[in-house]
Amino acid sequence: MLAGVIVLFLMFYKSFPSPKCPPPVAHSWRQAKQAHFHSTAEVTKRPNGTTATQKKDRPILLLWLWPENKRFHLQDCETLFRINGCNLTDDRSLYSRSQGVLFFHRAIQDDLSNLPYSPRPRFQRWIWLNTDSPTNTRRIAGIKGLFNLTLSYRKDSDIQARWPLTLKRNTDEDFVLPEKERLLCWIVDSTGLHTKSRESYSYYRELVKHIKVEVFYSAEFSKAEDYFQTVSSCKFYLSFENSIHRDYITETFNAPLAAGTVPVVLGPPRGNYEDFAPGTSFIHVNDFPDAFKLAEFLLKLDKDNKAYMRYFHWRRFYTARRHLTEENNEFAHAICQACHHVSINKAYRVVPDLNKWFFV
Ligand SMILES: *[C@@H]1O[C@H](CO)[C@@H](O)[C@H](O)[C@H]1NC(C)=O
Ligand SMILES: *[C@@H]1O[C@H](CO)[C@@H](O)[C@H](O)[C@H]1NC(C)=O
């Protein structure tokens, strides 16, 4: 009997998980989504100021062409996002030593004549940078088998160019609703309303029959402060995308989240928005049969503060940061993500057919 008890005890003891094994991960909604919410890089500095990579052996990332000549300071990846794992340069004489070369899609000529002539070193990876949606992207037949990495807004890109929500570290801070002077607003770019996509313009035309929409032109705001101040003064904001594609959810959605306003979205289906932000943080036009019903709902929420405030509960867990609105910084975030990627990832990869993947 005693021997039996000892054997059983030993078996039980042995079957205990070793303390080295990590505990099993519980799967909650938040954990599953978290991966997307803050999947972009922000490297934290070590206390003494040194970073993981020594400066001299950092991989070189060569920016072959500045996107639309919007130049930011090459040190900005470090100052704006604390990313410093690569040696970012626009000096083409470093081509043969560059681990990564970044190409801005819109700048590539149809005959590829402005791409590098010299043969590609074996270790070098070419990165395709495009922040536009397929509707606004020109097809270039020759780029089919040229690239190793994709950098776009799409979730299945190798590197994502997306302004992310981040998990809040300090959950004690209470959200204070900014003062509201307006009901519903829309900021359109200087080319005006008529250049908006057919979907968003015709929805807007219907909506204004039933509710007042205050329209502003982005050119009116010279400073980011004024822009976010205006968005925050509205109870609701029209986050209408210019073209409708899966994952194509841009800063027009981030602006109201960052400013403390409820976005009313028109774009991909609700489920796709919920891949990037909590479902209770926005109102989707598809939640209503037509613009009249949406207007009715917004007017009702305007009178019901308790129901309105429910759209801000998510802020106990997440923070939305203001995106950069300065012209010259338009591509800084995307390019710095590429910098981070080449500094931590050296895997061999080929994008088999870029056009087939992007223009689905
Ligand atoms: C970047 O790399 C080049 C070539 O190796 C080097 O001359 C330059 O000093 C580097 N810059 C930084 C900031 O590390
Ligand atoms: C990059 O892509 C090219 C063209 O598809 C391929 O020939 C090359 O081997 C790839 N290199 C790396 C390092 O992934």
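Heavy-atom basis, side chains included; hydrogens, waters and symmetry copies ignored. Both counts, for ligands and for their atoms, begin at 1 and track the order of listing.
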Item checked: Gln124 side chain to Ser98 side chain, donor-acceptor N/O pair below 3.5 angstrom -> no

Next item on the list: With heavy atoms of Arg97 as the reference, note each atom of ligand 1 found under 4.0 Å away.
Entry: 4 (C), 5 (O)

Notebook entry, point to check: Which of the atoms in ligand 1, numbered in the order shown and given with their element, are less than 4.0 Å from a heavy-atom of Arg58?
Noted result: 12 (C), 13 (C), 14 (O)

Check: When the aromatic ring centroids of Phe104 and Trp64 are compared, is their separation below 6.0 Å?
Finding: no

Note to self: Using the ring centroid of each side chain, check whether Phe253 and Tyr273 are separated by less than 6.0 Å.
What the structure shows: yes

Margin query: For atom 9 (O) of ligand 2, is there a protein heavy atom at a distance under 4.0 Å?
Written below: yes

Check: Any donor-acceptor pair under 3.5 Å linking the side chain of Lys212 with the backbone of Val208?
Finding: no

Next item on the list: Please check if the side chain of Tyr204 supplies one atom and the backbone of Val213 the other of a donor-acceptor pair under 3.5 Å.
Entry: no

Margin query: Can you report which non-hydrogen protein atom sits closest to atom 11 (N) of ligand 2, along with the distance?
Written below: Asn148 ND2, 3.1 Å

Checklist line | Residue and atom name of the nearest protein heavy atom (relative to atom 6 (C) of ligand 2), distance in Å to one decimal | finding: Val350 CG2, 3.9 Å

Margin query: List ligand 2 atoms under 4.0 Å from Gly145, heavy atoms only on the residue side.
Written below: 4 (C), 5 (O)

Margin query: So if I count the atoms of ligand 2 from 1 in the order they appear, which ones are less than 4.0 Å from some heavy atom of Arg122?
Written below: 13 (C)

Next item on the list: May I ask you to say whether Asp302 pairs ionically with Lys180, meaning some side-chain N is under 4.0 Å from a carboxylate O?
Entry: no

Checklist line | Sub-3.5 Å N/O-N/O distance, Arg349 and ligand 2 | finding: yes

Checklist line | Arg125 N/O under 3.5 Å from ligand 2 N/O | finding: no

Margin query: Tell me the nearest of Asn87, Leu61, Thr89, Asp91 to atom 3 (C) of ligand 1, using heavy-atom distances.
Written below: Asn87

Margin query: Working note: Asp290 + Lys293, criterion side-chain contact (heavy atoms from CB on, under 4.5 Å); need CA distance, chi angles, decisive distance, verdict.
Written below: CA-CA 6 Å; Asp290 52 37; Lys293 288 280 180 208; 3.3 Å; yes

